[in-house]
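This one's a predicted model, so the numbers in the text were calculated from it and none came from an experiment. Below, all heavy atoms of this structure are taken into account, side chains as well, without hydrogens, waters or symmetry copies. In the text below, chain A, chain B and the rest are named by the order of the sequence lines, each starting its count at 1.
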Number of protein chains: 2
Amino acid sequence: MSPYDPSAFPPFAVTVDLVVLTVRRHALCALAVRRGEPPFQGRWALPGGFVRADEDLSGAAARELVEETGLCAHDPDSPVQANGAHLEQLATYGDPKRDPRMRVVSVAHLALAPDLPAPRPGGDAHSARWAPVEALLHQGGYGREGEQAAPLAFDHAQILSDGVERARSKIEYSSLATAFCPPEFTVGELRRVYEAVWAVALDPRNFHRKVTGTPGFLVPTGGTTTRQGGRPAQLFRAGGATLLNPPMLRPDA
Amino acid sequence: MSPYDPSAFPPFAVTVDLVVLTVRRHALCALAVRRGEPPFQGRWALPGGFVRADEDLSGAAARELVEETGLCAHDPDSPVQANGAHLEQLATYGDPKRDPRMRVVSVAHLALAPDLPAPRPGGDAHSARWAPVEALLHQGGYGREGEQAAPLAFDHAQILSDGVERARSKIEYSSLATAFCPPEFTVGELRRVYEAVWAVALDPRNFHRKVTGTPGFLVPTGGTTTRQGGRPAQLFRAGGATLLNPPMLRPDA
DNA sequence: ATAATAGTGTCTATTAGACAGTATGTC
DNA sequence: GACATACTGTCTAATAGACACTATTAT
């Protein structure tokens with residue numbers, strides 16, 4: 001048998017898991033679903049599911065995103081724009097023991113979305129919620145209602161951690177932070193996205209000068225809003241540039 | 001059936017494909033193997049093979065690297081150091097039509113190695129060679145002996161292109177360029193790595209000041225060499241730092 | 001000597017960050 | 001009025017890039 005002969009291959013199941021991030025109440029939050037069956041019954045996990053026989057990997061990720069959040073995928077290429085949400089492949093996890101039942105290889109994807117009203121519990125999972133990533137990652141922490149938070153199922157804590165780090169580093173040199181904003185947003189709202197994702201405070205004046213001075217990052221729409229209070233702020237939408245030059249650099253780190 | 005029940009999964013084959021890069025004769029080169037059987041018989045392809053039933057993804061990639069190049073993997077964690085070579089996961093390719101025989105999902109890995117004497121043809125492939133990435137990617141080009149270069153098999157041109165772009169961007173903000181160098185190297189040799197990978201010319205004086213001034217990047221070994229001709233150059237080895245601060249920035253791009 | 005590479009010093013234009021100060025809303 | 005946020009201007013320290021210059025080898 002040649003090693004290139006696929007008629008003698010070990011059997012694998014292939015799934016997609018989703019790290020869906022958003023910014024709510026000044027905190028970076030991820031979508032978590034409660035598992036309704038073993039293994040890890042009752043524990044929180046990342047949304048995901050099997051890749052179908054005729055389905056592309058990014059197509060499967062987009063389908064799961066629709067099922068869990070209602071966000072519709074438009075462009076099947078990667079990166080995928082889905083109702084203003086960004087979807088890209090993150091990494092693949094294939095430890096032989098990561099699922100106790102059988103060999104499952106999971107192609108994790110990262111999705112960034114603006115603040116959504118509430119998760120639809122209509123999908124596969126019994127319940128779903130947005131939780132701050134710190135609460136999901138630090139298993140010794142406590143949830144919003146004070147309950148002890150159990151670690152995420154499978155290797156999902158590792159996947160979530162990798163996704164958060166990808167988002168944190170990618171908004172430095174790309175315009176991806178706008179994926180956390182509604183179609184029209186102010187400089188202050190964009191700054192609060194950076195502050196939530198990086199968990200730092202940024203100087204509003206230098207931030208304003210920097211983002212408005214980076215060509216292709218922001219395009220003024222002409223409108224203004226006072227939804228943040230204070231002096232009316234210009235509204236912008238994301239410009240065509242995907243790579244920022246110069247980049248937005250995280251303080252110290 | 002629940003979508004979380006892996007007893008009813010579509011059958012997948014999972015492979016690893018390798019983008020093995022090195023710098024030879026001032027050019028960025030990749031390892032290519034000639035396919036000995038259909039499909040794409042006689043065409044050049046990236047080395048790779050099936051993931052075994054009890055094998056980790058990075059373990060499978062390290063095993064393929066050993067089989068093709070003789071580089072031994074030491075640390076099974078990622079990123080893996082293999083005899084001075086760097087190994088990391090690149091991306092996963094799972095288009096339903098990417099292999100005409102059946103559904104194959106390939107987890108591509110990127111390996112960076114110092115200049116090796118010659119590929120061992122002892123592995124699976126009938127023959128193997130180092131080829132400049134430009135020759136492999138531009139299908140209309142011509143090989144070293146003047147023959148018309150056919151495009152790489154499967155979607156391997158896309159995989160190679162993604163791997164090259166990953167390497168080009170990652171040496172900017174990490175110390176990964178040292179993976180292309182022997183254990184001890186001079187600043188000039190490191191500069192020629194950057195010049196080959198980016199295909200640019202760099203000012204030797206500013207480059208020297210920059211790399212020696214970045215903390216943790218280079219550690220002097222005390223020795224010197226004249227293997228490049230001219231004044232004897234200090235020998236260095238890679239320091240502990242993996243993230244460069246400040247980064248090495250590509251000119252213009 | 002000539003040529004090659006290694007390494008240091010210095011100047012300048014640009015930039016990042018600190019922060020004063022002004023503009024324009026709501027209460 | 002106080003107070004919030006938006007936005008502009010200016011100063012300074014640090015940096016990137018250009019390039020003059022010196023050092024040490026081989027031929």
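- Under the 4.0 Å criterion applied to side-chain N and carboxylate O atoms, Glu165(B) and Arg250(B) are assigned as salt-bridge partners.
- DNA chain D lies under 4.0 Å from at least one heavy atom of each of the following residues of residues 197-207 of chain B: Asp203(B), Arg205(B), Asn206(B).
- With sequence neighbours left out, Glu184(A) forms a salt bridge (charged side-chain N to carboxylate O under 4.0 Å, His left out) with no residue at all.
- In this structure, Arg231(B) has no side-chain hydrogen bond (donor to acceptor under 3.5 Å, both in side chains) partners at least two apart in sequence or on a different chain.
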### Query
Reading nucleotides 11-16 of chain C from the 5' end, what letters show protein touch, with B for base, S for backbone sugar-phosphate only, - for no heavy atom under 4.0 Å?
-----S
### Task
Let me see the working for Asp162(A) and Tyr93(A) under side-chain hydrogen bond (donor to acceptor under 3.5 Å, both in side chains), right down to the final yes or no.
CA-CA 11 Å; Asp162(A) 292 347; Tyr93(A) 300 82; 2.5 Å; yes
### Query
Between Asp17(A) and Ser106(A), does a side-chain hydrogen bond (donor to acceptor under 3.5 Å, both in side chains) hold up when you go through it step by step?
CA-CA 6 Å; Asp17(A) 285 320; Ser106(A) 174; 2.7 Å; yes
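- Proximity of His208(B) to the phosphate of dG7(C): a side-chain N or O atom is located under 4.0 Å from OP1 or OP2.
- The side-chain hydrogen bond (donor to acceptor under 3.5 Å, both in side chains) search around Thr92(A) returns Thr92(B), not counting sequence neighbours.
- Atom P of nucleotide dG7(C) and atom CG of Leu190(B) are separated by 12 Å, given to the nearest angstrom.
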### Task
May I have the step-by-step check of side chain to side chain contact (heavy atoms under 4.5 Å, CB included) for Leu90(B) and His109(B), ending in yes or no?
CA-CA 5 Å; Leu90(B) 176 59; His109(B) 285 70; 5.6 Å; no
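- Using a 4.0 Å cutoff on non-hydrogen atoms, the parts of residues 227-241 of chain A near DNA chain D are Gln228(A), Gly229(A), Gly230(A), Arg231(A), Pro232(A), Ala233(A), Gln234(A), ordered by number.
- Residues meeting the side-chain hydrogen bond (donor to acceptor under 3.5 Å, both in side chains) test with Gln228(B), sequence neighbours left out: Glu189(B), Arg192(B).
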Could you tabulate the donor-acceptor pairs under 3.5 Å formed by side-chain atoms of residues 210-224 of chain B, not counting sequence neighbours?
{"residue": "Lys210(B)", "atom": "NZ", "partner": "Pro247(B)", "partner atom": "O", "Å": "3.1"}
{"residue": "Thr212(B)", "atom": "OG1", "partner": "His208(B)", "partner atom": "O", "Å": "2.6"}
{"residue": "Thr212(B)", "atom": "OG1", "partner": "Arg209(B)", "partner atom": "O", "Å": "3.4"}
{"residue": "Thr214(B)", "atom": "OG1", "partner": "Lys210(B)", "partner atom": "O", "Å": "3.0"}
{"residue": "Thr221(B)", "atom": "OG1", "partner": "Gly223(B)", "partner atom": "N", "Å": "3.4"}
{"residue": "Thr221(B)", "atom": "OG1", "partner": "Leu235(B)", "partner atom": "O", "Å": "3.3"}

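- Less than 6.0 angstrom separates the ring centroid of Tyr194(A) from the ring centroid of Phe207(A).
- The side-chain hydrogen bond (donor to acceptor under 3.5 Å, both in side chains) test applied to Asp155(B) returns Arg98(B), not counting sequence neighbours.
- Of all nucleotides in DNA chain D, those with any atom nearer than 4.0 Å to a heavy atom of chain B start and finish, going 5' to 3', at dA16(D) to dT25(D).
- For Ala131(B), the side chain to side chain contact (heavy atoms under 4.5 Å, CB included) partners at least two apart in sequence or on another chain are Arg129(B), Leu136(B).
- Ser174(B) meets the side chain to side chain contact (heavy atoms under 4.5 Å, CB included) test with Lys170(B), Leu176(B); sequence neighbours excluded.
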